[in-house]
Amino acid sequence: MKTADPIKIQIREVAPRDGFQSWPVFVPTDRKLEVIKLMIEAGVTEMETTSFVSPRAIPQMRDAAEVMVGVPKGVCVHGPLVPNLKGAQLALESGADKLVVVISVTDAHNLANVRRTVAESISDLTSIFALARERSKPVMGAMAVAFGCPYQGDVADDQIYHLADAYINGGASSVILADTTGMATPTRIVRMLRGFTKRFPEFPCSLHLHNNRGTAMANLYAALEAGATIFDAALGGIGGCPNVPLAAGNLPTEDVVFMLEDMGYDTGIDLMKIIEASKRLEVILGGTLPGQVMKSGPRDPKLAAAVCGTTH
Ligand code: COA
Ligand code: ZN
């Protein structure tokens with residue numbers, strides 16, 4: 001099914017932040033580093049490696065500096081998530097290659113998540129961008145709850161554009177439309193991407209898709225058809241937001257790699273190796289993970305039997 005010149009799709013791996021932050025117990029630092037290394041060996045080239053947030057708010061991320069210092073350098077872009085200037089300072093001191101700033105598009109979620117209104121968080125951006133520029137590091141702007149807020153429901157397009165304007169005018173290299181709550185459907189995704197592209201032509205915009213309502217893979221497909229080429233995914237499908245009731249995981253990286261590669265896209269990630277990494281993650285975490293391809297394996301029955309012990 002491969003075409004001669006496959007379209008490249010950039011997968012940004014978020015399990016080390018989104019996944020480990022929402023796992024009910026603290027995952028030991030050396031185990032986090034082990035999984036990160038396995039993913040890099042499988043071909044992951046960009047990662048949300050950890051987050052520099054208050055250890056009181058998210059105790060699972062209290063080892064952010066140790067994780068950043070321990071990861072293999074030079075082969076993968078490490079962009080930890082930061083909620084404020086202090087996080088940005090700590091991340092850059094620890095060797096971050098880029099910063100992923102997070103602000104929600106609604107006041108209610110931003111207050112629950114980072115204890116600031118949207119306007120207050122936006123006013124911090126000037127100093128964060130200045131610091132990043134000083135260190136020549138790019139900044140990605142994440143827009144949380146872009147497809148629906150667990151407290152305020154529907155989100156107006158203008159709320160998204162307002163935040164996107166702040167990021168883009170401040171100097172962001174790209175932005176992320178995050179369906180933190182899994183409220184998006186393919187129609188909403190396509191409508192939003194078309195509107196975004198019209199307003200910010202050619203500006204790189206990626207998607208972060210949670211599966212709370214079972215629509216994440218359909219949303220990815222719709223985005224792909226609409227021309228999107230950068231997606232977040234999390235090994236084993238782990239993930240969730242502590243400020244979203246009943247949050248569900250992200251798109252499993254190995255499921256995305258399986259589907260995209262079979263459709264003829266180039267993710268640069270080795271399917272067998274990423275399945276092996278997700279199976280190791282399952283052992284480390286000690287619970288069944290949401291990923292499907294890690295259970296059924298690749299299409300080739302021999303390879304499936306080799307990696308999953310299954311014959312379909
Ligand atoms: N990393 C580590 N510590 C931080 C920090 C950061 N980025 N930002 C603030 N702190 C510390 C301060 O130094 C202060 O410490 P002290 O009490 O020892 O002096 C304390 O946290 C309170 O600082 P303040 O600025 O008043 O923060 P806050 O209590 O209003 O909390 C956040 C704001 C953003 C730090 C906190 O809500 C947070 O970390 N949220 C992250 C939520 C998250 O990760 N959600 C999931 C990902 S989207
Ligand atoms: Zn998320």
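Computed from heavy atoms alone, side chains included, the values below leave out hydrogens, waters and symmetry copies. As the structure lists them, so they are numbered: ligands from 1, and atoms in each ligand from 1.
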Heavy-atom count check: over 12 atoms from other residues, nucleotides or ligands less than 6.0 Å from Lys198 NZ? no
Gap between atom [atom2] of [Y] and atom [atom1] of [X] - 0.5 Å precision:
X      : Y      : atom1 : atom2 : answer
Ile128 : Ile122 : CD1   : CD1   : 11.5 Å
Ile36  : Glu13  : CD1   : CD    : 9.0 Å
Asp18  : Leu81  : CG    : CG    : 9.0 Å
Leu209 : Ile176 : CG    : CD1   : 11.0 Å

Does anything in residues 174-221 pair up under ring pair (Phe, Tyr, Trp, His ring centres under 6.0 Å), and if so which pairs, sequence neighbours excluded? Phe196-Phe200, His208-His210
Test of understanding: with side chain to side chain contact (heavy atoms under 4.5 Å, CB included), list the residues that count as partners of Met68, not counting sequence neighbours. Thr49, Thr50, Phe52, His78, Pro80, Ser94, Ala96
Backbone N or O of Pro6 within a donor-acceptor pair of the Asp266 side chain at under 3.5 Å? no
Can you check the number of protein N/O/S atoms within less than 2.8 Å of the Zn ion (ligand 2)? 3
Within the protein, flag every N or O under 3.5 Å from an N or O of ligand 1, and note the pair and distance.
from     : atom 1 : to     : atom 2 : distance (Å)
ligand 1 : 1 (N)  : Val53  : O      : 3.2
ligand 1 : 7 (N)  : Phe52  : O      : 2.9
ligand 1 : 7 (N)  : Asn84  : OD1    : 3.0
ligand 1 : 7 (N)  : Gly87  : N      : 3.3
ligand 1 : 8 (N)  : Asn84  : ND2    : 2.9
ligand 1 : 13 (O) : Lys86  : NZ     : 2.8
ligand 1 : 17 (O) : Arg56  : NH2    : 2.8
ligand 1 : 25 (O) : Arg116 : NH2    : 3.2
ligand 1 : 29 (O) : Arg115 : NE     : 3.2
ligand 1 : 30 (O) : Arg115 : NE     : 2.9
ligand 1 : 30 (O) : Arg116 : NH1    : 3.2
ligand 1 : 37 (O) : Asn113 : O      : 3.4
ligand 1 : 39 (O) : Ser54  : N      : 2.7
ligand 1 : 40 (N) : Asn113 : O      : 3.1
ligand 1 : 45 (N) : Asn113 : OD1    : 2.8

Check this for me, if you would: do Lys37 and Glu34 make a salt bridge, where the nitrogen-to-carboxylate-oxygen distance has to be below 4.0 angstrom? no
